[in-house]
Amino acid sequence: MGDKGEGISQAHTLTVCNLILLNCIVCGLELVASAALVYLPPMLLEAGVEDKYMSWVLGLGPGLCLFIVPVLGRWMDTCTSRFGRRIPFMFILSLMVLLALVLIPYADHMLPERTESTSGYSVHVYLLAMTVVLIDFSTQAGLTPCEVFLQDITKGLPIRDRAFSLYSLMCSVGSCAGYLILAINWEKTILGTIFGDQEYCVFSLLFVIFLVLMVVNLQTASKIRNRQNIRNNKSFADMQMLQAVPKLSDHSLAELKRNNNCSCLSRFVLSIIPQGIVSLFTIPYALRRLVYANFFSWAAVMAFLLFYTDYMGEVVYGGKPSAAVGTVLRHQYDDGVRMGSFGLFLHAVMSSITATAIEKLQNIYGMKAIHFTSLLIFTFSIILILLTSNLVVMHTLSMATGIAFASMTTIPFSLVGMYHEDKEVFFPDSQSFRGLGMDMATLDTSYFCSQVLLLTFMGYIVHLTGSASMYLVTAAILSTISCYFIFTAVYNKSDMPRYLFEPSQPPQGPAILITSV
């Protein structure tokens, strides 16, 4: 009865306007991330960082997420702050984003001179590289507490799917705004007369916009949490269970190392690899299948988003990024990059449009059909892009890829919430209590892992083959694999294997559901 009463209370207090305001910070994070994705690599190259080192710098942010975000997920489940379990993490990670936005354009003014270190790089270059890692980490890790908070306040309500469709919409709107801000020549505007330089204008504008969105988000989250009297819903049993989460999780990991006749080498490997990667092999069946699907889906989409502009510049326009400035080859490459950026903008526009309709599409066709179809469309779009050089066709196909992005930022999160609402059905093979924050962090780990692997190996693949077309070939292959895992993922009770419910493996773990945010 307590859960039902709470659900009725939430249904009366949550509106579409509330959900939009709660997703403001998501919009801000995507705004900063998309702008950084386009703007920061050229800044590193201009500062004198070599290509191979630039890939390492760009990969450090997601790499840190592999280590830190799973820990943050467990801390969120055990946090006893008077501000709630999720809001403090939103605030701290947002402050890190604001700090990075200040450091990037004004790093020169914080150092007396560009003195060189023993490695030949100036101190400014190292500060810039560390700032790039900071902004990459904070914008990606900052999404996890936002996702968990949405799950908390919509648990057991039909508005949950709408909450994550709006989450997807705000992600896409943030990406669109980021691309547009970079496309404007701010030096010819009022901001240009104030700051004088394009770089200062862009990052100052990003700082102000993100600060406003952060304040709106945190105020809305605090009001909703206080209105629902979440703090009064914490029972003594809940607190005991919260305190037991880290111990039980560590015990589960220890069992994995001892069971299945693990060799000494296997135990050693498990002890040194990031906990985020280890967790991918220790989670329940339903969540594991979803995580695998999410990994290959994001690996495919990120291969497209990260390298599509380079593909356009080198393959379609026949240019060379290493050519000297002012030469024909460099001019052709720059033209291709601009056309590729326009294709990514269309991708974000289609993602925004799809996000507004995905809730209705799910109600009509089901989550599995929409999830599978969206990645199938992505696969065929990438293959057709490889087979054509017509710009109109390529822009149309680039736009179609946005459908996959909308489904990937909606459906997996809804599924995790569904799993947690009926743990006895979806987690019968779980050996310990599973917190929502921990499982959402595990889902996000697959996203971080996909980026790390791409940034680590794609450069070598293209170097060995000698063709930038391998960027999209890899995206098509990964997308095809993701279609298989999506088709075999768990979307309802009938998708669960029967052997998991055998008497020898009864459902374990406490039945208490933690609802505080």
Side-chain angles (χ1 to χ4, degrees), residues 3-4 6-11 13-14 16 18-19 22-23 26 69 73-74 76-77 84-86 89-90 143-171 221 224-225 228 230 233 245 283-291 293-294 297 355 358-359 361-363 366-368 370-371 406-428 430 433-447 486 489-493 495-496 509 511-517:
D3 290 341
K4 184 177 180 182
E6 182 187 358
I8 293 173
S9 172
Q10 289 177 343
T13 57
L14 283 177
V16 172
N18 292 145
L19 295 176
L22 284 174
N23 281 307
V26 174
V69 170
R74 297 203 305 173
M76 282 190 287
D77 289 333
R85 293 190 290 148
R86 323 300 186 188
F89 293 90
M90 296 185 199
L143 293 174
T144 301
C146 304
E147 296 159 0
V148 181
F149 188 83
L150 282 180
Q151 291 280 16
D152 285 336
I153 65 173
T154 59
K155 189 180 69 175
L157 301 177
I159 202 173
R160 182 186 62 197
D161 290 342
R162 181 171 301 175
F164 280 100
S165 66
L166 291 172
Y167 171 92
S168 177
L169 174 63
M170 295 299 277
C171 284
I224 289 177
R225 180 180 175 274
Q228 294 176 354
I230 297 298
N233 291 334
V245 171
I283 54 182
Y285 174 87
L287 186 60
R288 185 166 64 249
R289 301 301 297 184
L290 178 62
V291 165
N294 206 52
S297 298
I358 197 165
E359 183 185 2
L361 292 173
Q362 290 180 48
N363 293 334
M367 285 192 289
K368 184 173 186 177
I370 300 301
H371 200 186
S407 71
M408 290 160 52
T409 51
T410 306
I411 295 175
F413 304 124
S414 296
L415 288 175
V416 173
M418 182 184 73
Y419 297 160
H420 272 261
E421 288 176 7
D422 202 347
K423 292 183 180 180
E424 291 185 356
V425 171
F426 294 107
F427 292 162
S430 178
F433 173 77
R434 303 202 61 83
L436 182 59
M438 184 169 58
D439 282 347
M440 291 295 287
T442 300
L443 184 67
D444 285 338
T445 294
S446 62
Y447 166 67
I486 289 173
V490 176
Y491 293 85
N492 50 58
K493 298 178 182 179
D495 292 332
M496 290 293 295
I512 296 175
L513 297 179
I514 300 174
T515 58
S516 58
V517 296

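The structure presented is a predicted model; accordingly, all values stated were derived computationally and were not measured.
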With a 4.5 Å cut-off on side-chain heavy atoms, are [Y] and [X] touching?
{"X": "His371", "Y": "Thr410", "value": "no"}
{"X": "Leu166", "Y": "Glu359", "value": "no"}
{"X": "Asp77", "Y": "Arg86", "value": "yes"}
{"X": "Arg160", "Y": "Phe413", "value": "no"}
{"X": "Arg288", "Y": "Val291", "value": "no"}
{"X": "Pro145", "Y": "Phe149", "value": "no"}
{"X": "Ile358", "Y": "Ser407", "value": "yes"}
{"X": "Ile486", "Y": "Tyr491", "value": "yes"}

How close do [X] and [Y] get, heavy atom to heavy atom, and via which atoms?
{"X": "Thr144", "Y": "Met76", "result": "CG2-CE, 3.8 Å"}
{"X": "Ala441", "Y": "Gly73", "result": "CB-CA, 4.0 Å"}
{"X": "Thr409", "Y": "Tyr167", "result": "O-CD2, 3.2 Å"}
{"X": "Pro428", "Y": "Met496", "result": "CD-CE, 3.8 Å"}
{"X": "Leu150", "Y": "Thr154", "result": "O-OG1, 2.6 Å"}
{"X": "Ser414", "Y": "Asp161", "result": "OG-OD1, 3.2 Å"}

Tyr419 vs Phe426 aromatic rings, parallel, tilted or perpendicular, using cut-offs 30° and 60°?
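The arrangement is tilted - the two ring planes meet at 30° to 60°.
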
Set of salt bridge (Lys or Arg N to Asp or Glu O under 4.0 Å) partners for Arg289, sequence neighbours left out:
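Checked Arg289 against salt bridge (Lys or Arg N to Asp or Glu O under 4.0 Å); zero matches.
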
By salt bridge (Lys or Arg N to Asp or Glu O under 4.0 Å), which residues pair with Asp444, not counting sequence neighbours?
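Salt bridge (Lys or Arg N to Asp or Glu O under 4.0 Å) list for Asp444, sorted by chain: empty.
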
What's the separation between atom [atom1] in [X] and atom [atom2] in [Y], rounded to the nearest 0.5 Å?
{"X": "Asp439", "Y": "Leu287", "atom1": "CG", "atom2": "CG", "value": "5.0 Å"}
{"X": "Thr442", "Y": "Ile283", "atom1": "OG1", "atom2": "CD1", "value": "6.0 Å"}
{"X": "Tyr285", "Y": "Leu290", "atom1": "OH", "atom2": "CG", "value": "12.0 Å"}
{"X": "Met438", "Y": "Thr445", "atom1": "CE", "atom2": "OG1", "value": "11.5 Å"}
{"X": "Asn18", "Y": "Ile224", "atom1": "CG", "atom2": "CD1", "value": "4.0 Å"}
{"X": "Asn23", "Y": "Phe164", "atom1": "CG", "atom2": "CZ", "value": "8.5 Å"}

Would the distance check show the side chain of Ser168 and the main-chain N or O of Ala406 forming a donor-acceptor pair, the cut-off being under 3.5 Å?
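Side chain of Ser168 to backbone of Ala406, a donor-acceptor pair under 3.5 Å: yes, one is there.
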
Tell me whether Ser297 contacts the main-chain N or O of Asn294 through its side chain, where contact means a donor paired with an acceptor under 3.5 Å.
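Flag not set: sc Ser297 to bb Asn294 has no pair under 3.5 Å.
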
For side chain to side chain contact (heavy atoms under 4.5 Å, CB included), just list the numbers for Met440 and Gln151, CA-CA rounded to whole Å, side-chain angles, deciding distance to a tenth of an Å, and then say yes or no.
CA-CA 9 Å; Met440 291 295 287; Gln151 291 280 16; 3.9 Å; yes

